[in-house]
There are 2 protein chains.
Amino acid sequence: MDIPADIRTPLDDLRHRVPKLTEAAIDYGLLAQRTGFSVKLVWILGYGLLMRAIGDDGITPQRFSMLELIGCNPGLQQIQLGNALGLSRSAATLSIDFWEDRGCVQRRADKADRRSFGIYLTEHGEAELARLRALVLEADTALTGALTEAETAELRRLLGKIHL
Amino acid sequence: MDIPADIRTPLDDLRHRVPKLTEAAIDYGLLAQRTGFSVKLVWILGYGLLMRAIGDDGITPQRFSMLELIGCNPGLQQIQLGNALGLSRSAATLSIDFWEDRGCVQRRADKADRRSFGIYLTEHGEAELARLRALVLEADTALTGALTEAETAELRRLLGKIHL
DNA sequence: TATTGTTATACTCTATAACTATA
DNA sequence: TATAGTTATAGAGTATAACAATA
């Protein structure tokens with residue numbers, strides 16, 4: 001499975017969004033020493049990489065996360081999906097609306113509690129999720145392209161120690 | 001110099017914004033394996049930590065970055081400041097307006113080119129920047145509180161390898 | 001009364017484009 | 001013509017609050 005050329009060397013085209021802290025012309029002072037600032041720069045790169053890999057402005061990383069969550073947890077309530085991604089009820093509604101409009105998810109009435117729905121992928125949604133997963137994996141691999149596998153594993157371990 | 005109590009144990013109060021990927025109830029699927037997703041979660045934590053440490057909704061991490069940049073590079077043009085932070089001209093204007101309204105920065109006419117200004121800190125701005133730097137450093141230290149110093153250094157090295 | 005979902009609304013941040021004044 | 005800065009405007013994404021239906 002070849003990685004498309006525009007994903008293989010991806011970061012260089014996105015660097016205009018991200019300051020080079022070592023450039024002589026500008027002194028970044030404290031920013032250059034802040035872990036949080038480095039995290040932000042890498043987040044910007046990862047976001048841009050993912051957007052480009054997906055190639056559809058409507059499908060943001062956040063919306064992909066929603067679709068992935070639905071695929072892995074069929075039947076969840078909207079409020080549970082929202083909580084799992086740190087979204088308000090209304091933001092979850094809108095995110096699910098987006099995928100419903102694209103024919104990827106279905107709201108099924110919950111017979112036990114008629115206030116709520118169970119959210120499920122449609123067949124088309126399954127296919128779309130499979131397609132996107134491949135792109136997302138490639139973009140994520142590209143993000144750590146400058147690192148060895150051992151370094152990538154260590155990076156993930158350290159990030160996980162912070163947020164887990 | 002003691003770290004305030006609400007910064008010393010900071011992450012726990014912010015976790016509601018950040019899913020625990022290992023929780024049994026929900027399967028995060030691909031998301032749990034994505035470096036980019038972990039980066040995002042850590043970014044959310046760092047952002048929240050910094051906002052809380054600063055304790056002034058107007059002063060965002062982005063605006064702090066602008067002030068720090070002005071402090072470290074007095075006399076830069078607005079457009080240069082914007083470029084250094086990945087901002088458009090209009091966004092840079094607004095960010096500098098914010099600090100000017102607070103009496104922290106000054107636009108000084110450039111005698112050689114009357115279209116542009118040199119941006120400088122005021123005395124009050126110097127003091128404000130010094131005050132904020134201490135808070136920012138504490139918040140950044142708190143972000144990596146779960147890591148040893150060696151681990152924090154390694155995390156920074158790995159992040160730098162990606163964005164530098 | 002409390003909860004699920006929807007809708008209306010407002011807010012923040014951003015970029016683009018039009019505009020002014022210089023160059 | 002091009003550039004620095006400002007302003008007007010629009011877009012995306014979010015949250016809060018009011019609302020309807022149901023518990």
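The shown structure was predicted, so the numbers you read here are calculated from the model rather than taken from an experiment. Proteins get letters first, then strands, A, B, ... in listed order; numbering begins at 1 in each.
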Requested in this report: Identify, with sequence neighbours excluded, every residue that meets side-chain hydrogen bond (donor to acceptor under 3.5 Å, both in side chains) alongside B/Ser38.
Outcome: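 A/His163.
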Q: Identify, with sequence neighbours excluded, every residue that meets side-chain hydrogen bond (donor to acceptor under 3.5 Å, both in side chains) alongside B/Arg63.
A: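 Result, side-chain hydrogen bond (donor to acceptor under 3.5 Å, both in side chains) vs B/Arg63: none returned.
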- Between the base of C/dT12 and the side chain of B/Thr60, is there a donor-acceptor distance below 3.5 Å?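 A donor-acceptor contact between them is absent.
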side-chain contact (heavy atoms from CB on, under 4.5 Å) involving [X] - partner list, sequence neighbours excluded:
| X | answer |
| --- | --- |
| B/Arg156 | A/Thr35, B/Asp140, B/Thr152 |
| B/Gln106 | B/Arg108, B/Thr122 |
| A/Ala32 | A/Leu21, A/Tyr28 |

Pull out every residue in residues 98-112 of chain A that has a heavy atom closer than 4.0 Å to any atom of DNA chain D, ordered by number, or say none.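 Close to the strand are A/Ala112.
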_Within residues 62-88 of chain B, which residues have any heavy atom lying less than 4.0 Å from an atom of DNA chain D?_
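Residues of residues 62-88 of chain B under 4.0 Å from DNA chain D: B/Gln77, B/Gln78, B/Ile79.
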Could you tell me which residues satisfy ring pair (Phe, Tyr, Trp, His ring centres under 6.0 Å) with B/Tyr47, sequence neighbours excluded, listed by chain and number?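 Result, ring pair (Phe, Tyr, Trp, His ring centres under 6.0 Å) vs B/Tyr47: B/Trp43.
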- Message: Please enumerate all residues that pass ring pair (Phe, Tyr, Trp, His ring centres under 6.0 Å) together with A/Phe64, with sequence neighbours excluded.
- Response: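 With neighbours one apart ignored, the set is empty.
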Between [N] atom [atom2] and [X] atom [atom1], what is the distance in whole Å?
| X | N | atom1 | atom2 | value |
| --- | --- | --- | --- | --- |
| A/Arg89 | C/dT3 | CZ | C1' | 8 Å |
| B/Ile59 | C/dC13 | CD1 | P | 12 Å |
| A/Tyr47 | C/dC13 | OH | C1' | 13 Å |
| B/Leu94 | C/dC13 | CG | P | 9 Å |

Quick one: side chains of residues 77-91 of chain A, donor-acceptor pairs under 3.5 Å with protein atoms, not counting sequence neighbours, listed by atom name and distance.
from    : atom 1 : to       : atom 2 : distance (Å)
A/Gln77 : NE2    : A/Ser116 : OG     : 3.2
A/Gln78 : OE1    : A/Arg107 : NE     : 2.8
A/Gln78 : OE1    : A/Arg107 : NH2    : 3.1
A/Gln78 : NE2    : A/Thr93  : OG1    : 3.2
A/Gln80 : OE1    : A/Gln77  : N      : 2.9
A/Asn83 : ND2    : A/Ile79  : O      : 3.4
A/Ser88 : OG     : A/Ser90  : OG     : 3.3
A/Ser88 : OG     : A/Ala91  : N      : 3.2

Need two values: the first and the last nucleotide of DNA chain D, 5' to 3', having an atom under 4.0 Å from any heavy-atom of chain B.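 Under 4.0 Å from chain B, the extent on DNA chain D is D/dA2 to D/dT7.
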Problem set entry | Distance below 4.0 Å between A/Thr93 side-chain N/O and C/dG5 OP1 or OP2 |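 Indeed not, no polar side-chain atom of A/Thr93 lies that close.
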Within the structure shown, what part of the strands sits under 4.0 Å from [X] by heavy-atom distance: base, sugar-phosphate, or nothing?
| X | answer |
| --- | --- |
| A/Ser116 | sugar-phosphate |
| B/Asp113 | sugar-phosphate |
| A/Arg114 | sugar-phosphate |

- Item | NZ/NE/NH1/NH2 to OD/OE distance under 4.0 Å, B/Arg102 and B/Asp97 |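 Salt bridge: no.
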Between A/Lys161 and B/Glu151, does any NZ, NE, NH1 or NH2 come within less than 4.0 Å of an OD or OE carboxylate oxygen?
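Result for this pair is yes, salt bridge flagged.
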Report task. Could you say whether B/Ser90 or A/Ser90 is positioned toward the 5' end of DNA chain D, judged by the nucleotide with the nearest heavy atom to each? Result ->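 Mapping each residue to its closest nucleotide by heavy atoms, the 5'-most match is B/Ser90.
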Q.
Of the options C/dT6, C/dT3, C/dA17, whose atoms approach the side-chain atoms of A/Arg115 most closely?
A.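 Per side-chain heavy atoms of A/Arg115, the pick is C/dT3.
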Task: Of all pairs that satisfy ring pair (Phe, Tyr, Trp, His ring centres under 6.0 Å), the ones with a partner from residues 121-152 of chain B, not counting sequence neighbours - done: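 As it turns out, there is no ring pair (Phe, Tyr, Trp, His ring centres under 6.0 Å) pair with a partner in residues 121-152 of chain B once direct neighbours are skipped.
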